S.K.: 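My questions all concern the structure below.
Here the structure is a predicted model, which means the values were calculated and not measured. Here is the naming used below: chain letters follow the sequence lines, and residue numbers restart at 1 for every chain. Computed from heavy atoms alone, side chains included, the values below leave out hydrogens, waters and symmetry copies.
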Amino acid sequence: MSNRMNNLLEDLKWRGLLAQTTDEKALAEALKKPITLYVGFDPTAPSIHVGNLVVLFVLRRFQLAGHNPLPLVGGATGLVGDPSGKNEERTLNTTDVVAQWVDRIKTQLSKFMDFESKTNPAVMVNNLDWTAPMSAIEFLRDIGKHFSVNQMLNKDSVSTRLEKDGISYTEFSYQVLQSMDYLELYRRYNCTLQIGGSDQWGNITAGLDLIRRVEAGSAHALTVPLLTKADGTKFGKTAGGSVWLDPEMTSPYAFFQYWLNSDDKDVINFLKVFSFKTRQEIEALEKTHSENPGAREAHRELARELTTLVHSADISARVEVAAKALFGQADLAELDEQTLASALAELPRTQVKNGDEIPTWVDLLAATGVVDSKSAARRIVKEGGAYLNNEKISGEDFRLEKSHFLCGKYAVLRKGKRDLAAVELI
RNA sequence: GGCGGGUUGCCCGAGCGGCCAAUGGGAGGGGACUGUAAAUCCCCCGGCUCUGCCUUCGAAGGUUCAAAUCCUUCACCCGCCA
């Protein structure tokens with residue numbers, strides 16, 4: 001076990017996951033024995049997204065190395081709003097909504113941690129538990145007194161906002177709340193390490209100061225770099241927005257595709273960050289990839305591992321089969337109904353009643369939602385980007401006929417190269 | 001509370017009475033080339049019952065033949081003063 005622990009920081013470095021730490025030597029020393037550490041996730045949406053996975057995976061790596069992870073859901077901080085990395089004030093969500101999101105996010109986080117471990121089980125915590133019962137007077141006297149406004153103003157998250165559109169007292173207070181969390185976890189669990197994205201540095205070190213002042217204790221901070229892509233665009237975003245873990249928000253099919261379509265220049269880096277493969281395994285994939293990038297073995301492995309972890313092995317296999325069939329490696333007409341049905345299961349769809357008049361090509365495209373409006377559908381058809389069962393169709397007024405429905409039931413619509421939808425005859 | 005500046009399409013940002021669905025950039029989409037990659041080139045990018053019509057320039061009223069552009073009130077943001 002101590003060997004795993006010794007290697008942890010080295011491994012994180014190799015994966016490009018270390019941005020800043022407080023006193024790395026002292027941290028390395030501390031990590032020789034199991035410690036307790038935490039990462040916070042604020043409920044700012046009904047689901048976490050792939051961007052959140054970076055640091056969540058780091059937390060899991062610590063657990064695998066024998067440390068005690070505390071995934072924290074920000075039931076309290078989510079009500080306030082972190083100014084870090086945001087250049088404008090957010091609108092507050094209602095307490096009901098945030099409470100719902102807390103529950104959903106807890107469920108998601110649970111998938112990535114081992115709560116049953118005999119030696120170092122994860123413990124889920126929610127900062128609302130210790131924040132809600134506190135009175136304003138207590139907060140100001142016991143916590144607020146330890147903060148210097150001068151220092152608070154100097155934090156990046158605050159000063160950039162002061163230069164731009166300003167900041168409310170609510171968001172200004174965020175760092176105090178987060179510091180309080182660290183102090184509380186230090187007291188309850190002897191938690192001595194907080195990790196987070198690099199934009200969290202200011203909030204984390206504020207917590208270290210608080211622990212030192214109140215408990216004369218010493219603790220550590222470790223931040224993970226912001227993940228960047230080779231082409232400079234934001235990681236984890238697609239045309240439709242963020243890539244979420246919730247299958248209702250991002251279908252497993254789309255999730256798998258997101259990874260499969262990674263830029264060649266990014267794929268090895270993504271494997272380092274988002275897989276639990278060993279260094280040897282990743283280096284082997286790197287070799288395979290550079291020898292034959294067109295085969296995209298590394299991409300496939302990445303997509304499989306993540307989809308399996310986030311959804312399931314079964315779903316991962318299903319969407320991969322679906323992708324193969326739908327991308328023309330197989331003749332759609334030759335698929336049996338079972339395969340076709342499962343291939344189409346994860347796609348957006350529309351239904352047509354058997355016997356009713358079948359809508360025009362443009363109407364169908366719009367109805368499935370692969371395009372936003374009929375105007376958009378017309379545009380796509382005009383530009384030659386609309387396909388039926390893998391064949392280009394160019395007439396706006398074209399209508400499907402019974403014979404177009406494979407197995408008498410399904411028609412596969414496609415916009416562009418990879419945006420698919422299904423029409424089901426019922 | 002006072003004075004000044006601001007609010008334009010997904011984002012940034014021009015326009016400052018008709019030639020404006022509104023310049024430009026970014027993001028996004030389609031095509032060609034490829035490997036469901038990148039780069040490159042071409043095209044598109046409010047909606048619809050689509051050679052025309054409808055709805056948009058913070059909100060509501062008003063002036064005008066005609067308003068994103070002028071006037072009034074309101075809301076929000078920023079700055080300075082109290």
S.K.: How close or far is atom C1' of G30(B) from atom NZ of Lys382(A), stated in whole angstroms?
M.R.: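 Atom-to-atom, Lys382(A) to G30(B), this comes out as 11 Å.
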
S.K.: Choose from G30(B), G35(B), A37(B) the nucleotide whose nearest atom is closest to any side-chain atom of Pro293(A).
M.R.: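 Given the options G30(B), G35(B), A37(B), the side chain of Pro293(A) is closest to G35(B).
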
S.K.: State whether the side chain of Thr223(A) and the backbone N or O of Gln20(A) hold a donor-acceptor pair below 3.5 Å, judged by distance alone.
M.R.: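 The answer is yes, because a donor-acceptor pair under 3.5 Å joins these two groups.
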
S.K.: Between P on C44(B) and CD1 on Ile380(A), what's the gap in Å once rounded to a whole number?
M.R.: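 From Ile380(A) CD1 to C44(B) P: 13 Å.
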
S.K.: With pairs defined as Watson-Crick or G-U wobble and both distances under 3.5 angstrom, please note down RNA chain B as a dot-bracket string, | for pairing with another strand.
M.R.: ((((((((.[[[..)..(.....]]].(((((.......))))).(((...)))...[[[[[..)....]]]]]))))))).

S.K.: Do the side-chain N or O atoms of Ser373(A) get closer than 4.0 angstrom to the phosphate oxygens (OP1, OP2) of G46(B)?
M.R.: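 For G46(B), neither OP1 nor OP2 has a side-chain N or O of Ser373(A) closer than 4.0 Å.
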
S.K.: Want to settle it: does Lys374(A) or Ala295(A) sit nearer the 5' end of RNA chain B, counting the closest nucleotide to each?
M.R.: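 Taking each residue's closest nucleotide, the earlier one in sequence belongs to Ala295(A).
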
S.K.: Listed in order of residue number, which residues of residues 414-424 of chain A have a non-hydrogen atom at under 4.0 Å from RNA chain B?
M.R.: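 Lys415(A), Gly416(A), Lys417(A), Arg418(A), in order of number.
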
S.K.: Provide the distance between the two C1' atoms, one in G1(B) and one in U69(B), to the nearest whole Å.
M.R.: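 The same atom, C1', in both gives a distance of 31 Å.
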
S.K.: Do any side-chain nitrogens or oxygens of Tyr387(A) fall under 4.0 Å of OP1 or OP2 in U36(B)?
M.R.: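 No, no such contact exists.
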
S.K.: Rounding to the closest angstrom, what is the interatomic distance between U55(B) and A68(B) at atom P?
M.R.: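 My reading of the P atoms in U55(B) and A68(B) gives 12 Å.
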
S.K.: Output the rounded distance in Å from CG (Asp264(A)) to P (U36(B)).
M.R.: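 So the CG-P distance, Asp264(A) to U36(B), works out to 12 Å.
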
S.K.: Does Lys13(A) pair with Glu24(A) as a salt bridge, N-O distance under 4.0 Å?
M.R.: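 Between Glu24(A) and Lys13(A) there is a salt bridge, with a charged N closer than 4.0 Å to a carboxylate O.
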
S.K.: Quantified in whole Å, what is the P atom distance between nucleotide C11(B) and nucleotide G58(B)?
M.R.: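 Their P atoms lie roughly 13 Å apart.
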
S.K.: Have a look at Leu260(A) and say if it touches a base, only the backbone sugar-phosphate, or nothing, with a 4.0 Å heavy-atom cut-off.
M.R.: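 Counting heavy atoms under 4.0 Å across all strands, the contact made by Leu260(A) includes a base.
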
S.K.: Write down the distance between CG (Asp372(A)) and P (G30(B)), rounded to a whole number of angstrom.
M.R.: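 Roughly 12 Å, once rounded to whole Å.
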
S.K.: Check this for me: does any side-chain nitrogen of one of Arg379(A) and Glu383(A) sit under 4.0 Å from a carboxylate oxygen of the other?
M.R.: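 No, this pair does not count.
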
S.K.: Is there a donor-acceptor contact under 3.5 Å from the side chain of Tyr258(A) to the main chain of Val243(A)?
M.R.: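 Such a contact is absent between Tyr258(A) side chain and Val243(A) backbone.
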
S.K.: Could you tell me whether Asn261(A) contacts a base, only the sugar-phosphate backbone, or nothing, with contacts defined as non-hydrogen atoms closer than 4.0 Å?
M.R.: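 If one applies the 4.0 Å heavy-atom cut-off, Asn261(A) turns out to touch a base.
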
S.K.: Indicate, with a heavy-atom threshold strictly under 4.0 Å, whether Gly294(A) touches base, sugar-phosphate, or nothing.
M.R.: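 The residue Gly294(A) makes base contact.
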
S.K.: Would a distance-only check, ignoring hydrogens and angles, find a side-chain to backbone donor-acceptor pair under 3.5 Å from Asp82(A) to Thr77(A)?
M.R.: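 Flag not set: sc Asp82(A) to bb Thr77(A) has no pair under 3.5 Å.
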
S.K.: Let me confirm one number: the CD1-OG distance from Ile143(A) to Ser173(A), rounded to the nearest 0.5 Å.
M.R.: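 It is 12.5 Å, given to the nearest 0.5 Å.
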
S.K.: Under 4.5 Å between any side-chain heavy atoms of Gln63(A) and Asn120(A), yes or no?
M.R.: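 They are in contact (side-chain heavy atoms under 4.5 Å apart), so the answer is yes.
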
S.K.: Is there side-chain contact between Leu177(A) and Asn127(A), with heavy atoms separated by less than 4.5 Å?
M.R.: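 They are not in side-chain contact.
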
S.K.: With nearest nucleotide decided by heavy atoms, which residue, Ser375(A) or Glu320(A), maps closer to the 5′ end of RNA chain B?
M.R.: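 Closest to the 5' end, via its nearest nucleotide, is Glu320(A).
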
S.K.: So which nucleotide from G35(B), A38(B), U36(B) ends up closest to the side chain of Lys265(A)?
M.R.: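 The listed nucleotide nearest to Lys265(A)'s side chain is A38(B).
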
S.K.: How long is the line joining CD1 of Ile393(A) and P of G31(B), in whole Å?
M.R.: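 In whole Å, G31(B) P and Ile393(A) CD1 are 14 Å from each other.
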
S.K.: For U56(B) and U51(B), measure between their P atoms and round to the nearest Å.
M.R.: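 Per the computed distance, 23 Å lies between those P atoms.
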
S.K.: Within the distance-only criterion (no hydrogens, no angle test), does the side chain of Thr205(A) pair as donor or acceptor with the backbone N or O of Leu208(A) below 3.5 angstrom?
M.R.: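 Checked: no pair found.
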
S.K.: Calculate the interatomic distance between Asp266(A) atom CG and A38(B) atom P; express it in whole Å.
M.R.: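 Computing the Asp266(A):CG to A38(B):P distance gives 10 Å.
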
S.K.: Check this for me: Glu391(A), atom CD, are more than 12 non-hydrogen atoms of other residues, nucleotides or ligands nearer than 6.0 Å?
M.R.: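 No, the 6.0 Å shell around CD holds no more than 12 heavy atoms from other groups.
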
S.K.: Distance check, P atoms only: C70(B) and G25(B), in whole angstrom units.
M.R.: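 27 Å, rounded to whole Å.
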
S.K.: What contact category does Arg379(A) fall into here, base, sugar-phosphate, or nothing, at under 4.0 angstrom with non-hydrogen atoms?
M.R.: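 The answer is sugar-phosphate, as Arg379(A) gets under 4.0 Å only of primed atoms, P, OP1 or OP2.
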
S.K.: Considering only the P atoms, how many Å lie between G52(B) and A22(B), rounded to the nearest integer?
M.R.: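 That atom pair is separated by 13 Å.
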
S.K.: Of the listed nucleotides (G35(B), A37(B), A32(B)), which one gets closest to any side-chain atom of Arg296(A)?
M.R.: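 It is G35(B).
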
S.K.: For G6(B) versus C16(B), give the span between their P atoms, rounded off to a whole number of Å.
M.R.: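 After rounding to an integer number of Å, I get 14 Å for this pair.
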
S.K.: In whole angstrom, give the distance that lies between atom CD of Glu297(A) and atom P of U36(B).
M.R.: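 It is 14 Å, rounded to the nearest whole Å.
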
S.K.: Within this structure, what is the CH2-to-C1' distance between Trp259(A) and G35(B), rounded to whole angstrom?
M.R.: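 Interatomic distance, CH2 of Trp259(A) to C1' of G35(B): 20 Å.
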
S.K.: Where is the tightest heavy-atom contact between Ala366(A) and Lys374(A), given as atom of each residue plus distance?
M.R.: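 Between these two residues, the closest heavy atoms are CB-CG, 3.9 Å.
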
S.K.: In whole angstrom, give me the gap between the C1' atoms of G46(B) and C42(B).
M.R.: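 To the nearest whole Å, 24 Å.
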
S.K.: Closer than 4.0 angstrom, basic N to acidic O: yes or no for Glu291(A) and Lys287(A)?
M.R.: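 Salt bridge between Glu291(A) and Lys287(A), a charged N being under 4.0 Å from a carboxylate O: yes.
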
S.K.: Consider the side chain of Glu383(A), meaning its heavy atoms from C-beta on, and name the nucleotide among A38(B), C44(B), G31(B) that approaches it most closely.
M.R.: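 Nearest to the side chain of Glu383(A) among the choices is C44(B).
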
